[in-house]
2 protein chains.
Amino acid sequence: MARTAAVTECPMDWVLRILMGPWTTYILWVLLRSGPSRFGEIKRQVPGISAKVLTERLRMLESTGIVDRRYEATIPPRVTYSLTRRGEELRLVLNQLNELARQWRAADGKAVPAKEDEVRIAPPPAGGSAPAPMHAAEPAE
Amino acid sequence: MARTAAVTECPMDWVLRILMGPWTTYILWVLLRSGPSRFGEIKRQVPGISAKVLTERLRMLESTGIVDRRYEATIPPRVTYSLTRRGEELRLVLNQLNELARQWRAADGKAVPAKEDEVRIAPPPAGGSAPAPMHAAEPAE
DNA sequence: CCGTATCCAACGCGATACTG
DNA sequence: CAGTATCGCGTTGGATACGG
């Protein structure tokens with residue numbers, strides 16, 4: 001249980017647990033950059049994530065009201081995810097956190113990637129020096 | 001690996017990974033409330049945490065410059081941890097995150113625990129073994 | 001196309017025992 | 001006192017196969 005445990009007493013802890021997932025912030029970043037996106041689109045933008053986990057994360061973000069899920073029962077079905085107002089609110093705070101971290105890293109003499117002007121919410125786990133075969137094949141687009 | 005992976009490219013992701021640990025924010029909260037504390041003291045304040053994990057978290061926070069570790073090679077040894085300036089900076093942002101989460105939860109009709117006036121950084125997982133009493137008393141600082 | 005169900009391997013954490 | 005080493009188990013996430 002450990003991290004799965006429903007604490008939810010402390011708002012902070014609660015929201016932190018939502019962002020905690022390894023891909024979560026990256027997904028948010030994709031939605032931020034690309035706007036409303038379909039499931040497959042997101043999956044393609046987040047190399048290495050499995051459908052299972054992507055679904056989990058999306059569901060969690062949805063139940064939190066951070067993303068909106070729009071389902072069209074066409075054939076084939078079309079599902080579109082987008083950031084809600086809460087997602088935007090969250091971004092503002094996250095940007096501050098990002099900025100703070102940047103300052104620290106700069107002070108530490110580490111090169112920071114780039115400022116851009118928006119938060120790039122979070123990159124995926126790097127594949128390079130991974131001990132385990134992290135992501136398998138890239139879905140050739 | 002997934003979440004253990006060293007991403008460290010994005011500052012946000014980097015700092016998020018530091019806060020991610022189940023006990024991390026709770027430890028910060030203890031340091032916030034009680035001020036500089038010794039290892040055993042912290043451990044006692046975070047019921048259920050193991051020495052191993054506490055050490056890990058402390059080391060991480062230390063290497064990030066969020067907490068300061070002061071070691072006195074007396075017999076018996078005395079090690080004192082305290083928040084640094086970065087720890088304080090972090091708290092400000094974390095407070096905002098906390099506030100945001102509170103608003104959401106309030107809007108969702110969920111009762112929020114209490115406002116107090118400071119962040120109570122994070123309760124431990126309500127694990128089966130040691131259900132920790134959420135918070136102790138009033139903000140001390 | 002958008003998922004869900006299942007299996008399995010990796011990891012995280014707690015408990016315990018031991019060292020300086 | 002302040003850790004470190006080791007072990008075991010629960011949780012998590014990837015891969016795969018299947019369903020709507």
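Chain identifiers are assigned alphabetically (A, B, ...) following the order of the sequence lines, protein sequences preceding nucleic acid strands; residue numbering begins at 1 within each chain.
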Taking any heavy-atom pair under 4.0 Å as a contact, classify A/Lys52: base, sugar-phosphate, or nothing.
base

Would you kindly give the NZ-to-P distance between B/Lys43 and D/dG3, to the nearest whole Å?
12 Å

By nearest heavy atom, map B/Leu54 and A/Gly40 onto DNA chain C; which one lands nearer the 5' end?
A/Gly40

Whole-Å distance between D/dT12 P and A/Met60 CE?
11 Å

Under-4.0 Å side-chain N/O to phosphate OP1/OP2 contact, B/Tyr81 with D/dC1:
no

Would you mind telling me which of D/dA15, C/dG14, D/dG3 lies closest to the side-chain atoms of B/Arg69?
D/dG3

Which one, C/dG14, C/dT4, D/dT4, comes nearest to the side chain of A/Arg59?
C/dT4

Return the nearest nucleotide to the side chain of A/Val53; candidates are C/dC1, D/dG3, D/dG14.
D/dG14

Looking at the rings of B/Trp23 and B/Tyr26, which for Trp means the six-membered one, are their centres under 6.0 Å apart?
no

Between atom CD in A/Glu56 and atom P in C/dT4, what is the gap in whole Å?
9 Å

Look at A/Tyr71 and D/dG20 and indicate whether a side-chain polar atom (N or O) is within less than 4.0 Å of OP1 or OP2.
no

Cation-pi geometry met for B/Arg17 and B/Trp14 (6.0 Å, 45°):
no

Is any NZ, NE, NH1 or NH2 atom of the basic residue among A/Arg86 and A/Asp68 found under 4.0 Å from an Asp or Glu carboxylate oxygen of the other?
no

A/Trp104 six-ring centre to A/Arg102 NZ/CZ under 6.0 Å and within 45° of normal
no

Between A/Arg38 and C/dC2, is there a contact of a side-chain N or O with OP1 or OP2 at under 4.0 Å?
yes

Expressed in angstrom and rounded to an integer, what is the separation of B/Ile75 atom CD1 from D/dA2 atom C1'?
13 Å

Please report the distance, rounded to the nearest Å, between CZ in B/Arg78 and C1' in D/dG3.
16 Å

On DNA chain D, nearest-nucleotide positions of A/Ala51 versus A/Pro77: which is more 5'?
A/Ala51

Per B/Phe39 side chain, nearest of listed nucleotides D/dA2, D/dA15, C/dG3
D/dA2

Rounded distance in Å - CZ (A/Arg44) to C1' (C/dG3)
15 Å

Listed nucleotide nearest any side-chain atom of B/Thr55, set D/dC1, C/dC13, D/dG3
D/dG3

Against the side chain of A/Trp23, the closest entry in C/dT4, D/dA2, D/dG13 is D/dG13

Can you tell whether the side chains of B/Glu56 and B/Arg59 come within less than 4.0 Å, N to carboxylate O?
no

From the set D/dG14, D/dA2, C/dG3, return the single nucleotide nearest to any side-chain atom of B/Val79.
D/dA2

With rounding to the nearest 0.5 angstrom, report the OG to CD distance, A/Ser34 to A/Glu41.
6.5 Å

Mind calculating the distance between CZ (B/Arg70) and P (D/dC1) to the nearest angstrom?
19 Å

Expressed in angstrom and rounded to an integer, what is the separation of B/Ile49 atom CD1 from C/dC13 atom P?
9 Å

